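Scroll down for the structure; my scribbles are underneath it.
Quick caveat, the model's predicted, so the values are computed rather than measured. Positions are given from 1, in the same order as the sequence printed here.
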Amino acid sequence: MAATPGVTPRVQAIVKRGNLNDSLTLRLTNFKPGLQFDLFTVENSPQQAFGTPNPNFKNFGLAWYQSDVEPGLVTIKTILLDQIFGFDPQVNLPPTNTFHIGFWFNNPKDAAACGFDVSKPTPFNGEHKAGPLGFISRPNSLTNLGPLCIKPNTSTNPPTCNP
């Protein structure tokens, strides 16, 4: 939802490696004031490297909640680069990396003007009743890994990430 009609909202993401954790700074510009989003790292992006839809996309895979986000400048500190993962031995989910950054509308009603059916929320907020995806990163065109993998291992097929 653009603050200025005809001007596309933009997101700039800057990730810096730290000694114990990394920092992610997001700058959200030209978003309608007052919007709230929920930031996740996810396993899969629905987009290909150049922004076209991924025809093989089935779902986001493992999703890891990181922070709330509002238009403007947001910085979080956590493990992000090359090593972010989750696992659940109870359901036989092996360690699974979440190298993509995405955020969802916190309130489904905020996306109704874009055609979102508010009676069909997504689970991407604390109440598990969020709106649709508002932004998602794209994979690297050579490795197909998300941008949180900055040390890819291209000697494997498919490429993996070096911790």
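Two residues are said to be in side-chain contact when any heavy atoms from C-beta on lie closer than 4.5 Å; Phe103 and Val11 meet this criterion. Pro147 places a side-chain heavy atom less than 4.5 Å from the side chain of Ser137. Residues Leu24 and Leu39 form a side-chain contact, since some pair of their non-hydrogen atoms from C-beta on lies under 4.5 Å apart. With a 4.5 Å cut-off on side-chain heavy atoms, Val15 and Leu81 count as touching. A heavy-atom distance below 4.5 Å is not found between the side chains of Leu148 and Asp82. Counting only heavy atoms from C-beta outward, the side chains of Gln66 and Thr78 approach each other to under 4.5 Å. Within the 4.5 Å cutoff, the side chain of Gln47 has heavy atoms near those of the Ile136 side chain.
Considering every non-hydrogen atom in both Leu80 and Ser23, the closest pair reads CD1-C, 4.4 Å. The shortest heavy-atom contact between Pro152 and Thr143 is CB-CG2, 3.7 Å. Looking at every heavy atom in both residues, Pro71 comes nearest to Leu28 through CA-CB, 3.8 Å. Closest of all the heavy-atom pairs between Val118 and Ala112 is CG1-CB, 3.9 Å. Of all non-hydrogen atoms in Asn107 and Lys109, the two that sit nearest each other are OD1-N, 2.9 Å. Residues Asp22 and Arg17 share a closest heavy-atom pair of OD1-CA, 3.2 Å.
Considering CG of Asn54 and CD of Gln48, their distance stands at 5.0 Å, rounded to 0.5 Å. Note that CG of Asn106 and NZ of Lys129 are 13.0 Å apart. Values are rounded to the nearest 0.5 Å. Note: Ile84 CD1 to Thr98 OG1 = 4.0 Å, rounded to the nearest 0.5 Å. The distance from the CD1 atom of Ile150 to the CG atom of Asn162 is 11.0 Å, given to the nearest 0.5 Å.
Between the side chain of Thr96 and the backbone N or O of Pro94, at least one donor-acceptor pair lies under 3.5 Å. For Asn153 (side chain) and Thr160 (main-chain N/O), no donor-acceptor pair under 3.5 Å exists by modelled atom type. Not a single donor-acceptor pair under 3.5 Å links the side chain of Glu70 to the backbone N or O of Gln36. Between the Thr41 side chain and the His100 main chain, no donor and acceptor come within less than 3.5 Å of each other. Between the side chain of Asp68 and the backbone N or O of Asp38, no donor-acceptor pair lies under 3.5 Å. For Asn140 (side chain) and Leu145 (main-chain N/O), no donor-acceptor pair under 3.5 Å exists by modelled atom type. The main-chain N or O of Ala49 is never found under 3.5 Å from a side-chain atom of Ser141 such that the two would form a donor-acceptor pair. Under the 3.5 Å distance criterion, the side-chain polar atoms of Glu43 are left unmatched by any main-chain donor or acceptor of Gly61. No donor-acceptor pair closer than 3.5 Å links the side chain of Asn97 to the backbone N or O of Phe99.
Taken together through direct or relayed side-chain contacts under 4.5 Å among Ile, Leu, Val, Met, Phe, Trp and Tyr, Leu35 and Ile76 form part of one hydrophobic cluster. Put simply, Trp64 and Phe85 are part of two different groups of oily side chains (I, L, V, M, F, W, Y) that touch within less than 4.5 Å, one to the next. Leu133 is not connected to Val74 by any chain of hydrophobic side-chain contacts under 4.5 Å among Ile, Leu, Val, Met, Phe, Trp and Tyr, and they are in different clusters. Transitive grouping of hydrophobic side chains (ILVMFWY, heavy atoms separated by less than 4.5 Å) brings Phe105 and Val69 into a common cluster.
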Exercise for review: Walk me through it: do Thr75 and Thr25 pass the test side-chain hydrogen bond (donor to acceptor under 3.5 Å, both in side chains)?
Suggested key: CA-CA 4 Å; Thr75 300; Thr25 300; 3.1 Å; yes
Exercise for review: List the steps and the verdict of salt bridge (charged side-chain N to carboxylate O under 4.0 Å, His left out) for Asp110 and Lys32.
Suggested key: CA-CA 10 Å; Asp110 288 338; Lys32 182 179 169 185; 5.9 Å; no
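For an aromatic pair to be called close, the ring centres must be under 6.0 Å apart, and Phe31 with Phe37 satisfies this. Between Trp104 and Phe40, the ring center distance clears the sub-6.0 Å criterion. Taking the six-membered ring where the residue is Trp, the centroids of Phe124 and Tyr65 are separated by 6.0 Å or more.
Note: Phe57 and Phe60 have perpendicular aromatic rings, judged against thresholds of 30 and 60 degrees for the angle between ring planes.
For Arg27, the CZ atom sits in a loose shell: 12 or fewer heavy atoms of surrounding residues, nucleotides or ligands are nearer than 6.0 Å.
Screening Leu93, Asn44, Asp88 against Leu62 for a side-chain contact (heavy atoms from CB on, under 4.5 Å) leaves a single residue, Leu93.
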